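Since this is a predicted model, take the numbers as computed values, not measurements. These numbers come from the heavy atoms of this one structure, side chains and all, not from hydrogens, waters or symmetry mates.
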Amino acid sequence: MSLIRRSNVFDPFSLDLWDPFEGFPFGSGSNSGSLFPSFPRTSSETAAFAGARIDWKETPEAHVFKADVPALKKEEVKVEVEDGNVLQISGERNKEQEEKTDTWHRVERSSGKFMRRFRLPENAKTDQIRASMENGVLTVTVPKEEVKKPEVKSIQISG
């Protein structure tokens, strides 16, 4: 069994991944002769891709998404709406440039791409989405349509 451990649990790009199929004839490898389909092998790139941690809360006025993206500039993060109601938050942290004279003793900060997608509810006003970034936290606010109260008309009862 394989466990890819990223040591900093507060790193939004890290994720512990365990491959329960490693070592089995049908799992994780590129066993093209196997009767069973191969599963993709986990890697640090997959861990970085899957690991962006995002909170989603709903207030009476809006849906609010908060993503931890430390050390990223707003130019390195993208917020998009696909198919009219799918919010996509993505970005990339690049590796630090290595100098030939440097000696690394520990590398814990991860690099790579991340992407998260959320299907927005029908009451989301996708044309009014706002995004801001402060102190390594991306905040995306999706306003909600006001709930229209059904019009009640009183009917006079005869008789």
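Under the rule for a side chain to side chain donor-acceptor pair (under 3.5 Å), the partners of Gln88 that lie at least two apart in sequence or sit in another chain are Glu80.
Within 6.0 Å of CD on Glu75 lie more than 12 heavy atoms contributed by other residues, nucleotides or ligands. Annotation for Lys74: atom NZ does not count as buried by contact number, only 12 or fewer foreign heavy atoms lying within 6.0 Å.
Residues Thr126 and Gly84 share a closest heavy-atom pair of CG2-O, 3.3 Å. Here the closest non-hydrogen pair linking Pro143 and Ala62 is CA-CB, 3.8 Å.
Asp55 CG to Lys66 NZ: the interatomic distance, rounded to the nearest 0.5 Å, is 8.5 Å. Of the inter-residue distances, the one linking Arg119 atom CZ with Leu87 atom CG reads 12.0 Å to the nearest 0.5 angstrom. Here the straight-line distance linking atom CD1 of Ile54 with atom CG of Asp68 works out to 9.0 Å at 0.5 Å rounding. Between the CG atom in Asn123 and the CD atom in Glu146 there is a gap of 11.5 Å [rounded to 0.5 Å]. From Ser90, atom OG reaches atom CZ of Arg116 across 12.0 Å, with rounding to the nearest 0.5 Å.
A perpendicular orientation is assigned to the rings of His63 and Trp56, their planes being inclined by more than 60° (bins at 30° and 60°).
Side-chain atoms of Lys144 come within 3.5 Å of backbone atoms of Thr59 as a donor-acceptor pair (strictly under, hydrogens ignored). Side-chain atoms of Glu76 come within 3.5 Å of backbone N or O of Lys73 as a donor-acceptor pair. Side chain of Arg93 to main chain of Pro70: a donor-acceptor pair is present (N/O by atom type, distance under 3.5 Å, no hydrogens or angles).
Looking at heavy atoms from C-beta onward, Val137 lies out of side-chain contact with Val69 at the 4.5 angstrom threshold. Under the 4.5 Å side-chain criterion, counting only non-hydrogen atoms from C-beta, Glu58 is not in contact with Pro121. Two residues are said to be in side-chain contact when any heavy atoms from C-beta on lie closer than 4.5 Å; Val81 and Val86 fail this criterion.
Shown are Val140, Thr141, Val79; of these, the side-chain contact (heavy atoms from CB on, under 4.5 Å) with Phe65 is made only by Val140.
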